[in-house]
Amino acid sequence: MVTQRYQPITTSSAYKLSMVIALVGLCISGLGAFNMEHEGHHITGMSNQVIWGMPHVIAIFLIVSASGALNVASIASVFNKDFYKPLARLSAVVAVALLVGGLAVILLDLGRPDRLLIAMTHYNFSSIFAWNIILYTGFVGLTLVYLWTMLDWQVEQYKRIAGIAAFCWRLILTAGTGSIFGVLIAREAYNIAIMGPMFIVLSLAYGLAFYLIVLDLFMDKEEFTKVEQRLSRLLVVLVLCGLAVSVIYHLANWFLFDAQSFEFFLLASDEVYPWLLWGVHLTLGCILPILLLHKHKTILASLLVIIGGVAQFYALVIGGQSYPMPLLEGYAATSTFSDGIIASYSPSHWELMLGSGGFAVALLITVFTMRLFRLLPSSR
Amino acid sequence: MSHFDSYRRRLLGAASATLAGLTIAPGVLLQTVQAKADNEAASSQQRWGLLIDTNLCEPGCDKCVTACNQEHGLRPLHGPETDAQWIRKVSLKHKQSGHELHMPVMCQHCGEPPCVDVCPTGASFKRADGIVLVDRHICIGCRYCMMACPYKARSFVHEKLTDQLPRAPRGKGTVEACTLCVHRIDRGDDNTACSEACPNTAMTFGDLKDPASEISQKLAQLGGQELRKKLKLDTGVRYQGIPA
């Protein structure tokens, strides 16, 4: 039996460039976060109408992607597929890195981030948000334990059970994140039970796209060629699954939940959202990557899947809030508080700076951990 | 029985009724306006609410909004998109018939408040007497309650504040909404600032659980509708003159 060997990454130009990008990103996001907290949220594009903005779009996207980044490890441990086993270590690290990146953005966007301790000590168990705090910290803990079982031969016998636990936890986590929106009975965009399952399916492609970029950048070219085709094919399947569940969401809204006018707003109005969904998500984020993956343009295809995912979450999160809530059925409302009108939103550069920190944190953790530990398979 | 006896009996009867009335009435009044002691908790014996008669609410009048702003020290800061509005005047026009309605909208003090359900720290809470409040000491500013509110009744403090009023503690980075003038209720007043300021008495404040209160009697007489009643939130604020 051949023993699989692993290696840390070298101080290659990709490593150095990644570290520089991550550190610059951290500084930029730190500046953005500091200014937002110092001045208050009035310097952002967020308002009392569009309550959650670009930082939330990025944070939720990263958190959802974190779950999907564990795909490869899950296939290896839960489904016992030998092909994926050498790739499982990095999968767990990318998952934790993305989650921590997303959480950092959410935390720094809070009105009172200094009250983190309160968030960790005061739990309202009827709140899905409170449950998610437990799910996120649990996911990090469980995935780290799983990683430990993969790194340390003395506890290797627990690898499968830790993998199964992490797999189950990630499904609950993503469903929980979707349910943050799913329980919002007030808004037509979200009050639909499919939000939980939809987030699970969407997470699969987005997480794998992040994972593939890291793999392509840091793995031996020779080693990467061996796994590229199968992982690319997997990404194509998962992108199609994500597209299918998105179509189901829109169809369910239209036919089952009588939200035709909202769907028209999202898909066919002259707002930015139809452009994001048809142009960026469908064309750039689904169709084009599928074509590119056939031509082995893995990094570009994965990058487009990620851009398409951010566009989809933007349309869902911002569009869902922009669309006016009806006060009285059959009546059009007007007021000094933007009743009855489509709320406008454009992200300020402060928000974009803060949001970029999520990617920077994820990149820093991933690259630094790859340098410290033997995560990537080696042929030597 | 002589005329004198009959007269004496009627006099005694009237005197007894007057005496009984004088004895009971202050008790009844005390029940509604007595100030709570500082260490006395709110009681579930009451459910405070508002009844708004949209037939009496005039278009263009925003005295209730002005009164609320003065009562709680709300001032315009960086524009209507981000300024706090605890109460707003909404005009509604039927899309087909053109029928117009005007009404103030504020926190509806739901019996089943979605904001309380979703708040991760428990900062959003409902008092025993039905008033929905935000504990600013443990609000982390996540704004999930604002996402959950079907009435857009909550505001986030987007900037630094100065010169807040002691009766209305407010602070940057936390969420706030109509308190139903809880400081007035707790000191024993029997009206909110908005209701008091309404020139047409379109707003009636009172105890929904007291059948003798004005609000309960008006509701018993003409009924009152909830906004977005399909959501079944059992709101403490009811409206008259809107379609059932």
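A, B, ... follow the sequence lines: proteins, then strands. Residue 1 opens every chain. A quick note: this is a predicted structure, and the numbers were derived from the prediction, not measured.
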Validation row: [X], [Y] side chains within 4.5 angstrom (heavy atoms):
X: A:Asn124; Y: B:Pro120; result: no
X: A:Phe129; Y: B:Val118; result: no
X: A:Leu327; Y: B:Val90; result: yes
X: B:Lys89; Y: A:Thr336; result: no
X: A:Arg112; Y: B:Thr174; result: yes
X: A:Ser127; Y: B:Asp117; result: no

Stepwise salt bridge (Lys or Arg N to Asp or Glu O under 4.0 Å) test for B:Arg228 and A:Glu329: CA-CA 8 Å; B:Arg228 304 192 72 178; A:Glu329 234 168 85; over 6 Å; no
Surrounding [atom1] of [X] (heavy atoms of other residues, nucleotides or ligands, distance under 6.0 Å), is the total greater than 12?
X: A:Leu256; atom1: CG; result: yes
X: B:Lys93; atom1: NZ; result: no
X: B:Gln164; atom1: CD; result: yes
X: B:Lys63; atom1: NZ; result: no
X: A:Trp131; atom1: CH2; result: no

For the candidates [options], which exhibits the highest count of non-hydrogen atom pairs separated by less than 4.5 Å from chain A?
options: B:Cys139, B:Gly122, B:Pro80, B:Ser124; answer: B:Cys139
options: B:Lys160, B:Met103, B:Gln225; answer: B:Lys160
options: B:Ile138, B:Thr82, B:Leu101; answer: B:Ile138

Options A:Gly40, A:Ser344, A:Gly330, A:Pro326, ranked by heavy-atom pairs under 4.5 Å with chain B, top entry: A:Gly330
What distance separates [X] [atom1] from [Y] [atom2], expressed to the nearest 0.5 Å?
X: A:Phe337; Y: B:Glu81; atom1: CZ; atom2: CD; value: 8.5 Å
X: A:Leu110; Y: B:Ile140; atom1: CG; atom2: CD1; value: 5.0 Å
X: A:Ser335; Y: B:Asp62; atom1: OG; atom2: CG; value: 12.0 Å
X: A:Ile51; Y: B:Cys149; atom1: CD1; atom2: SG; value: 8.5 Å

Examine whether an atom of [X] lies under 4.5 Å from a heavy atom of chain A, and if so say whether it belongs to the side chain, the backbone or both; otherwise answer neither.
X: B:Lys230; value: side chain
X: B:His137; value: backbone
X: B:Leu233; value: side chain
X: B:Val105; value: side chain

Do the side chain of [X] and the main chain of [Y] share a donor and acceptor less than 3.5 angstrom apart?
X: B:Lys152; Y: A:Ser338; value: yes
X: B:Thr121; Y: A:His122; value: no
X: A:Arg187; Y: B:Met147; value: yes

Members of residues 41-49 of chain A whose heavy atoms come closer than 4.5 Å to chain B: A:His41, A:His42, A:Met46, A:Ser47, A:Asn48, A:Gln49
Toward chain B, the part of [X] with a non-hydrogen atom under 4.5 Å:
X: A:His56; answer: side chain
X: A:Glu39; answer: backbone
X: A:Tyr190; answer: side chain
X: A:Ile180; answer: both

From B:Glu100, B:His94, B:Lys95, residue fulfilling side-chain contact (heavy atoms from CB on, under 4.5 Å) relative to A:Tyr331: B:His94
Aromatic plane relationship, A:Trp52 with B:Tyr144 - under 30° parallel, 30 to 60° tilted, over 60° perpendicular: parallel
Where A:Ala186 and B:Pro150 come nearest, the two heavy atoms and their spacing: CB-CA, 3.4 Å
Nearest heavy atoms of A:Ile185 and B:Pro114, plus distance in Å: CD1-CG, 4.4 Å
SB check A:Asp109 B:Arg143 (cutoff 4.0 Å): yes
